[in-house]
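Comments concern the structure below.
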Amino acid sequence: MPELPEVEVTRRRMAPLLVGRTIARVRTTRPSYFFLTPPAKLRRALEGRTVLALTRHGKYLMATLDNGQTLLLHLGMTGQLFTSDVTSPRLLAKTARSALVPAAQRSFRPDLHTHLVFEFGDGGPELYFRDVRKFGKVGLLATGKADPRIARLGVDALAIEPEALFAATRKRTVPIKSLLLDQAVLAGVGNIYADEALFLAGVRPTRPAQRLTRAECLRLTRAVKQVLERAIETGGSSISDFIGPDGQDGHYQDERWVYSRHGQPCKRCKAVIRRVVLGQRSSHFCPKCQR
DNA sequence: ACCGCACCCTGAGCGC
DNA sequence: TGCGCTCAGGGTGCGG
C-alpha cells in the first residue's frame, strides 16, 4: 500500500524517533530476498552506528549512518515501520499471541513477519520493520558508487515539472496510467494516486501517453502534486495495511474520488465509476469526467 | 528503446 | 466451517 504519501508520513514521524540515536542491537529473521544485505552482515554493520538523517526519494527511505554508509528501506506492498509505542488495535489484534493474555493486546511483540528490530539501549522505544508479503527491502548501499535502484529513479513526484512530464510522454505508446507508475519517469506514484490524479486532471487512464496535449500534461502535473500533498496532510491511505509509526491510520481513503469505487456513482457527476486493467493493475475512472 | 508478462510472498474475502 | 479461487497499493527481470 505504501506510495509516496505513506512513505513521507512514515519518514516525518519516524525521523525524530531515529535520528541521533545509536543502534545497540539488531535482530532479524532468516535470510530471504527481503534482505538485500544478508541479515548477519546487516546486524554487524548496524550495531554501534548512530543515525544522522532519514531522507526519501520516491518510495525509498534512506538512513544516513555516522560511518558514511546508507541504509536503504523500501516498504513494498505490506511493509510497516513503527516503534514499540505503537497503539494500533488493528495491528495488536493481528499479532497478539493469545487472546487469553490481555497484555499481549496492549503492547506489540515481534511476530514471524517482523523482519528487523532495532534496540537502542537508551531506554527509549524499539523500532520494528514488519512486512507480511516480504515485497519490502532492506539493505546497505555500497559506499562510493551509485546504487542502481536509486540511480534508475526519475525526479521525485512532488517536484515534477510540466515540461518534463510532457517530454516524457512523447513517443510513449503506453497508457498514461502506466507512465505515471513508471518510477524512472517520476518516483513515488503508485496505483491509488495515479488513478486519483488522472481523475483530478480529467484524463482517462487508457489514453496513450503520446496523445496527451501540453495543456493536459500541465493539468496532470498539478493534479499529481495536489493529490500527493493532500494525502500527506491526511496521514496517507490506510486501505488495508498501512499504519503510521505511532499506529495511527491515515484518512485519505475517505476522500478518494475513484480508486476502488467501481460500480459506485462519481462524486462529481453521478456516472458509474468503471474499472479496467492496465499493465496488470486495476484502474478506476469516471467515464464522463475523464476523456 | 520499448512493451507485456511472469514472478517473488502471504492473507483477506468471496462463493459454494 | 472449510475449501478453493481471486485479488491486493511493490519492483525486477526476461523475451519478443
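Within every chain, numbering begins at 1; the chains are lettered A, B, ... in the order of the sequence lines, protein sequences first and strands thereafter.
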Between [atom2] of [N] and [atom1] of [X], the distance in whole Å:
X	N	atom1	atom2	answer
A:R170	B:dC2	CZ	P	14 Å
A:L36	C:dG10	CG	P	18 Å
A:D111	B:dT10	CG	P	13 Å
A:H262	C:dG9	NE2	P	11 Å
A:L73	C:dG10	CG	C1'	15 Å
A:R152	C:dT12	CZ	C1'	7 Å
A:L278	B:dG4	CG	C1'	12 Å
A:H74	C:dG11	NE2	C1'	7 Å

- Message: What's the closest nucleotide to the side chain of A:K134 if the choices are C:dG9, B:dC9, C:dT12?
- Response: B:dC9

- Residue A:V132, side-chain atoms from C-beta onward, closest of C:dG11, B:dT10, C:dG9: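 Among C:dG11, B:dT10, C:dG9, the one nearest the side chain of A:V132 is B:dT10.
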
- Do the side chain of A:R172 and the main chain of A:A168 share a donor and acceptor less than 3.5 angstrom apart? no

- Message: What residues from residues 156-163 of chain A pass a heavy-atom cutoff of under 4.0 Å to DNA chain C?
- Response: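 Correct list: empty, so none.
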
- Task: Scan residues 196-206 of chain A against DNA chain C and write down, sorted by residue number, each residue with any heavy atom closer than 4.0 Å; if none is found, say none.
- Result: none

- Item | OP1 or OP2 of C:dG11 under 4.0 Å from side-chain N/O of A:K59 |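 For C:dG11, OP1/OP2 do have a side-chain N/O of A:K59 under 4.0 Å.
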
- Taking only N and O in the side chain of A:H113, is any of them less than 4.0 Å away from OP1 or OP2 of B:dT10? no

- Minimum heavy-atom distance between A:G76 and A:P2, given as atom pair plus value: O-CD, 3.1 Å

- List DNA chain B stems (3 or more consecutive Watson-Crick/G-U pairs, under 3.5 Å)?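 Result, WC/G-U stems under 3.5 Å: B:2-8 with C:10-16, B:10-16 with C:2-8.
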
- Mind jotting down which residue pairs meet the ring-ring contact (aromatic ring centres under 6.0 Å, His included) criterion with at least one end in residues 268-291 of chain A? Sequence neighbours excluded, please. A:Y259-A:H284, A:H262-A:H284

For nucleotides 5-8 of chain C, print each protein N/O atom paired with a nucleotide N/O atom at under 3.5 Å, atom names and distance only.
{"residue": "C:dA8", "atom": "OP1", "partner": "A:R275", "partner atom": "NH2", "Å": "3.2"}
{"residue": "C:dA8", "atom": "OP1", "partner": "A:S282", "partner atom": "OG", "Å": "3.1"}
{"residue": "C:dA8", "atom": "N3", "partner": "A:R133", "partner atom": "NH1", "Å": "3.2"}

- Find out whether the Lys NZ or Arg CZ of A:R256 is both under 6.0 angstrom from the six-membered ring centre of A:Y252 and within 45° of the ring's axis. no

- A:S283 side chain to A:K177 side chain, donor-acceptor N/O pair below 3.5 angstrom: yes

- Message: Within the 3.5 Å criterion, strictly below it, is a donor on A:E6 or A:Y193 matched to an acceptor on the partner's side chain?
- Response: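 Per modelled atom types, A:E6 and A:Y193 side chains form a pair under 3.5 Å.
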
- Task: By nearest nucleotide on DNA chain B, pick out whichever of A:L112 and A:Y33 is the more 5' one.
- Result: A:Y33

- Query: Quantified in whole Å, what is the C1' atom distance between nucleotide B:dC3 and nucleotide C:dG9?
  - Reply: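 Per the computed distance, 22 Å lies between those C1' atoms.
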
- Can you tell me how far P in C:dC3 sits from the matching atom in B:dC9, rounded to whole Å?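 So the two P atoms sit 23 Å from each other.
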
- A:R56 and A:D156: CA distance, side-chain angles, deciding distance, salt bridge (charged side-chain N to carboxylate O under 4.0 Å, His left out) verdict: CA-CA 9 Å; A:R56 181 192 59 75; A:D156 190 77; 2.7 Å; yes

- Residues from residues 172-185 of chain A sitting under 4.0 Å of DNA chain B, heavy atoms only? A:R172, A:T173, A:V174

- Message: Counting C-beta onward and ignoring hydrogens, is there a side-chain heavy-atom pair between A:R214 and A:E163 closer than 4.5 Å?
- Response: yes

